[in-house]
Every structure is written in structure tokens, then in C-alpha cells.
Amino acid sequence: MKETNPGADPIGQNLIKLISNVCFSVFVFSVLIFTVIAITYQPPDPWLESAPALTKLFTQTENATFKIDDTVAKTGEDLQTEIARAVSPTADIKPITEEVIEKEEVEVSNMTLKSSGCEDLEVVNCSDPRVLITVEKFNLRLFKSIVFLDYQTPVNGSKQDECDVSWRFRNKKEKSWRKYRDFRRFKFAIGENCSYKIVHAGGWHSGINARRMRIRVNSTRSGGNNLRAAPLVRDDEINDTIPSLGSETNFRKGKYLYYSRGGDYCKGMNHYMWSFLCGLGEAMYLNRTFVMDLSVCLAGNYNPDGKDQEGKDFRFYFDFEHLKEEASIVEEGEFLRDWKKWDRSHKKKVPVKKVVTHKMTPMQLRKDKSTIIWRQFDGQEPENYWYRVCEGQAAKYIQRPWYALWKSKRLMNIVTDISGRMDWDFDAVHVIRGEKAQNKVLWPHLDADTSPDALVAKLQGMIQPWRNLYIATNEPFYNYFDKLRSHFKVHLLDDYKELWGNTSDWYNETMLLNSGRPVEFDGYMRVAVDTEVLYRGKTRVETFYNLTSDCKDGINTC
């Protein structure tokens, strides 16, 4: 019998124990890491992407200095999801569909007395429900990209066989739930089975008798040579008046977050929005009213002379009415007047907590009882940027409320007007030139690839002949695209100057916001409108994806 080694078993057992201990330690360590991740993980805002992803999107750089560009800043209606749209205030408004029209037809047929002939249709009766049903069917068949929300009763046109009809609608490509209005003139004839049929439909805003009356403001403007200009007109569907705090008691009961002006002033619009929404997000986190400065400084890169323009109104660019509905805000001037009034009339001053560094986090201020938390940004750039408040640990707690910030309804009315004049049936191309086309180091092929001849050659293979073609561009020379006119119905932003000229609704309404002084349709407004019309094209051609092999951000960045 072979003799066994008495030390073999302990060695094997020890080895097995060692392996077991190592495996168990790895298991425990893995569970510990998983637990830490589960506790510290903050899910992304359901409206948007994660905060770091958005930072990269809006800054295009990893440090605290924003890269200035002349693109249009994305706002809430560009970024919000189907979840956001599901809670829209118009969710209970049923759109006009084929099923809805069929029900209307049944109701009308039950109400209409049967007759042996078409005597009752010899003269078009615009208030006849059958007229409206005919228009609804016509529009639904013609405008596939439009959601029709409601109609007004048709009214008489300029002739006996004409009716003017007004309706409200929403474009399917716009993610906000805002409503727009169109009114058109229709010419009718008698069709089969004694029914109405449309023999001619007017274009955008042709049904002037169905246009809603605008509110005229009791003030007059006088121009040179004592000529009296048109009275100021206000769109009653836009309510961007400044809210009042009311009584002194209401002011004292409130809790406010006040940001003094920092280094963000006169920076690009992307930077402005990123910082503004940081402040608004902190106010929401602290359950406080945000004190808002409506004065905006437009950075020089949006202006032909390259100079910053102070004194612009927030409401020129953004939807103040929607912001008021989504967030608790007070205008800075109104707030400061009430604050001073209280301190003058009461021995006990308003409790104020002054915060002089962004390193004081929102979490540290959560339990502060002061009426006013006053953040002051007096340091050097970039330490005095508002958005620094939302960096670091604060990024886990502060969610920027993108859903609260939409583009100006007045600018979007211009977008809708341009699209409507093309009957929503157009293609679009984005032609970027300007400084990038001149910089042959970063964009060596861009200038040649966007030359008139190159555009003709490339677009003929992408766009059907004689389609409406809208060109969104920063090319300053209007006639640069003339060669395309031999192949397409070309439309440029400057073809629609009357929409912001001195007889336009936009001109009148922005004058009211600007104390009766005319407002310039500036470079940022042009980019915003141009971009939004581009988004509505049925076929969309982009410069850096379709027209040139150059990279959007320069050579070797694709």
C-alpha cells in the first residue's frame, strides 16, 4: 500500500479556502459598487437628455467658456418629448378628422329637410353647415401636414358664390401645443346630389372678412412731416403683460430668488439660455419665485456691426406668456419697487440672505427662511457666470426647466405665415456660407461646394423640378441663388420683408413692448425664423451632410 503525504490535504484545503475567500470578496465588492451606483444615480430629465449631454450640446466645449456661434438656440418646443405633449392644455381639444366630419354630415342630414331639387342651393348660404363641411373636407385632403383644431362659422366673401372661412391649426412638425390662425376665401358651385363643391380656393389669409378684429390701443404715433401712422395693434391671443405682486402683504408673504447681473450679460444666446434656466431651475428647487430681468443684451455676433446691443426685451425672442404659466416669476423692476416700498414703510426690513459665491450650493440654501436669497456675481469670468451654480453636486438636484422656455409666438407667427404662403408644400435647403466659406483652412471645400453651379447640380438630384424651394442661408447677397430659379420656385427670407415691416402685426406688437419705439428685426431673429421654416420643409437638405464633405466644426472633426 502506497504511503500518503500527511501535508497534502491541509495545503489543498487552504488553497480552496483562499479561492473561496477571494471570490466572496469580489462578490461583496461588486454588490457594494452596485449599491453605491443605485443610490447616487440621478435619472435624466424625462423631457430631455442628461445634463452633461446637454452641456456638450449647448456649449460645444468642455470648459466653462462658451463657444460663440450664430446658430439659433434650441428651446423647449424643440426638445420636449411625447410625455410633455401629453400634458398639453389642448390635449382635450379633438382635432378635425375624417371621423369627426362624418358625424357632422350625419347630424346635418338629419336636420336638413329633403327637397325635390337644388332650389335651396341656388344662392350660396355661408352659414349653411354644409358649406363648412365642404371646406373641412377640402382642407383635410389638401393640407396633410396640418392638424385642424376648430373652425369659425363661414361669412360672406366679396361675391355671392364666395365664403370666407377661418380656422385654428397646429403644424405636425411643431412640438408645442400653440395654435395658429388662417382664413381663406372659397368659391363654391353646386355638385352632384345637390351638394356644394369648391371650384377655387384662395391663398394664405385671403379670406379677409373672416379675420378676427384686433384690439387697438389708445395711443397714436406720428412720423416725419406730421404724417400719422397706423394705430398700435395688439394680438389678443398673446398675453405677455408683466405680472404684478399685488399688495404689500403679498410681497412680504412671498419667497424670492434674486440673481444680480453677472458675466453672462452680452454673451451668446446659447450661453444666456443655459444660465437663465440654471437660475430658474434653482428657484424651482428652492420653491421660490424667480426675480427676472427682462432686459437682454444681444451679442455682437448677431449684429452686422459686430457690436453688442443692450436693452433688448426678453419677449422679443421668447414666449413670456408660456413662461408665466410654467414657472413662478416676477419682473425685476416690479420686485425692486415693492421691496423698497416695504423697507420705507416698515421698521422691520425684509430678511435678505446675500450669497456672494456660486460655491454656496442650492442644497445648503434649501432650509433658509429669508424672504429674499440674493445671489451676487461680482467676481471675474468665468467664476461670475450664473450657470456655475448648477455645476458639480448641484447638477444632481437642479433640473433646468426647458419645457418652460419657448420661442416668441410673434416670431413663430412669421414662420407660420411664410410656410402658409407656400401652402405648407415646400422643400428646404440650408446653405451655410459666410465666414466658414472664407476659411479655407478649416473648411477647404465649402466655398466651392456651395457655389451656384454646384448647388444647381446637387439639388437637381435631390429636389423635384419646380418645387417650392426655401433657402435658409447666411449668404448676404440676395441674387446669389438666381441660377436655381431656372429649376425651382425659390424662396428666401428677404422675400417676406413685409412680415416685419412697418405695416406688419409684428412691428406694431413689438412697438407696444418697446414703449412705442420701433424694434429692429435683428440677426438672431432672422436666424430663428430661417431655421424654423427650414424644419418645416418636406425634404430637407443640409450643408454639412448633403452638400459638402467638409466637417461642420472644421477639418478632422467629423
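Since the structure is predicted, the reported quantities are computational estimates derived from the model, not experimental observations. Numbers here are sequence positions counted from 1.
In terms of modelled atom types and a separation under 3.5 Å, the side chain of Asn303 and the main chain of Asp305 share no donor-acceptor contact. A donor-acceptor pair under 3.5 Å is formed between the side chain of Lys324 and the backbone N or O of Asn239. For Lys172 (side chain) and Lys144 (main-chain N/O), a donor-acceptor pair under 3.5 Å exists by modelled atom type. Using a distance-only test at 3.5 Å, with no hydrogens or angles considered, a donor-acceptor pair links the side chain of Ser451 to the main chain of Ala448. Checked by atom type and distance alone, the side chain of Ser260 pairs as donor or acceptor with a backbone atom of Arg375 at under 3.5 Å. Using modelled atom types, one side-chain atom of Asp495 and one backbone atom of Leu492 make a donor-acceptor pair closer than 3.5 Å. At distances below 3.5 Å, not a single donor-acceptor pair connects side-chain atoms of Asp530 with backbone N or O atoms of Arg526. Side chain of Asp240 to main chain of Phe320: no donor-acceptor pair is present (N/O by atom type, distance under 3.5 Å, no hydrogens or angles). The backbone N or O of Ala528 lies less than 3.5 Å from no partner atom in the side chain of Thr531, so there is not a single donor-acceptor pair. Listed for the Ser419 side chain is no donor-acceptor partner under 3.5 Å among the backbone atoms of Thr416.
A search for salt bridge (charged side-chain N to carboxylate O under 4.0 Å, His left out) contacts involving Asp293 returns Arg261, not counting sequence neighbours. Shown here are the salt bridge (charged side-chain N to carboxylate O under 4.0 Å, His left out) partners of Arg467, two or more places apart in sequence or in another chain: Asp425, Asp427. By the side chain to side chain contact (heavy atoms under 4.5 Å, CB included) test, Asp378 pairs with Gln376, sequence neighbours left out. Residues that satisfy the side chain to side chain contact (heavy atoms under 4.5 Å, CB included) test with Arg517, not counting sequence neighbours, are Asn514, Ser515. With sequence neighbours excluded, the residues satisfying ring pair (Phe, Tyr, Trp, His ring centres under 6.0 Å) with Tyr259 are Phe290, Phe377, Trp386. Among residues two or more places apart in sequence or in another chain, the ring pair (Phe, Tyr, Trp, His ring centres under 6.0 Å) test is passed with Phe488 by none. With sequence neighbours excluded, the residues satisfying side chain to side chain contact (heavy atoms under 4.5 Å, CB included) with Glu381 are Lys267, Asn384, Tyr385. Residues that satisfy the ring pair (Phe, Tyr, Trp, His ring centres under 6.0 Å) test with Phe521, not counting sequence neighbours, are Trp500, Trp506. For His445, the side chain to side chain donor-acceptor pair (under 3.5 Å) partners at least two apart in sequence or on another chain are Asp550. Taking Ala210 as the reference, Val155, Asp164, Ser166, Phe183 meet the side chain to side chain contact (heavy atoms under 4.5 Å, CB included) condition, with sequence neighbours excluded.
Counting heavy atoms from C-beta outward, Gln438 and Trp443 have side chains that stay 4.5 Å or more apart. In this structure the side chain of Phe316 reaches within 4.5 angstrom of the side chain of Val519, judged on heavy atoms. Arg421 is not listed as a side-chain neighbour of His491, based on a closest heavy-atom distance of 4.5 Å or more. No side-chain heavy atom of Leu455 sits under 4.5 Å from any side-chain heavy atom of Lys483. Between Leu484 and Asp482 there is no side-chain heavy-atom pair separated by less than 4.5 Å. Val415 places none of its side-chain heavy atoms less than 4.5 Å from the side chain of Tyr180. Side-chain atoms of Ile238 and Asn413, non-hydrogen and from C-beta on, do get closer than 4.5 Å to each other. Inter-residue side-chain proximity for Ile198 and Val135 is flagged as met; some heavy-atom pair is nearer than 4.5 Å.
Around the CD atom of Glu520, the shell of radius 6.0 Å holds more than 12 heavy atoms that belong to other residues, nucleotides or ligands. Atom NZ of Lys359 is surrounded by 12 or fewer heavy atoms from other residues, nucleotides or ligands within 6.0 Å.
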Which atom pairs, one a donor and one an acceptor, fall under 3.5 Å between side chains of residues 457-464 and the rest of the protein, sequence neighbours left out?
{"from": "Lys458", "atom 1": "NZ", "to": "Leu547", "atom 2": "O", "distance (Å)": "2.3"}
{"from": "Gln460", "atom 1": "NE2", "to": "His487", "atom 2": "ND1", "distance (Å)": "3.0"}

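For Asp423 and Trp204, the side-chain atoms include no donor-acceptor pair closer than 3.5 Å. Using modelled atom types, one finds no donor on one side chain facing an acceptor on the other under 3.5 Å when comparing Asp308 with Tyr265. Judged purely by distance below 3.5 Å, without hydrogens or angles, the side chains of Arg185 and Ser206 never pair a donor atom with an acceptor atom. Side-chain contact, Tyr258 with Glu332: a donor N or O sits under 3.5 Å from an acceptor N or O.
Nearest heavy-atom pair, Val431 versus Thr543, reported as atom, atom and distance to 0.1 Å: CA-OG1, 3.4 Å.
A salt bridge links Arg211 with Asp505; the closest basic N to acidic carboxylate O contact falls under 4.0 Å. Using a 4.0 Å cut-off between charged nitrogen and carboxylate oxygen, Glu174 and Arg170 do not count as a salt-bridge pair. Ion pairing between a basic and an acidic side chain is recognised when a charged N comes within 4.0 Å of a carboxylate O; Lys312 and Glu310 show no such pairing. Ion pairing between a basic and an acidic side chain is recognised when a charged N comes within 4.0 Å of a carboxylate O; Glu321 and Lys409 show no such pairing. One finds no salt bridge joining Asp319 and Lys407 here, because no Lys/Arg side-chain nitrogen approaches an Asp/Glu carboxylate oxygen to under 4.0 Å.
Evaluation of the disulfide bond (SG atoms under 2.5 Å apart) test over residues 499-558, restricted to residues two or more places apart or in two chains, returns Cys551-Cys558.
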Query - Criterion side chain to side chain contact (heavy atoms under 4.5 Å, CB included) on Phe426 and Lys538, from CA distance to verdict - result: CA-CA 6 Å; Phe426 65 95; Lys538 290 188 173 179; over 6 Å; no
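Atom OH of Tyr480 is separated from atom CD1 of Ile471 by 10.5 Å, given to the nearest 0.5 angstrom. Distance CE/Met292 to CG/Leu257: 13.5 Å, rounded to 0.5 Å.
Using cut-offs of 30° and 60° on the angle between ring planes, the pair Phe186 and Trp167 is tilted. The aromatic rings of Trp406 and His322 lie parallel to each other, with less than 30° between the two planes, well short of the 60° mark.
Side-chain rings of Phe169 and Phe143 stay apart, their centers remaining 6.0 Å or farther from each other.
For the pair Arg400 and Trp274, the cation-pi criterion (under 6.0 Å, within 45° of the ring axis) is fulfilled.
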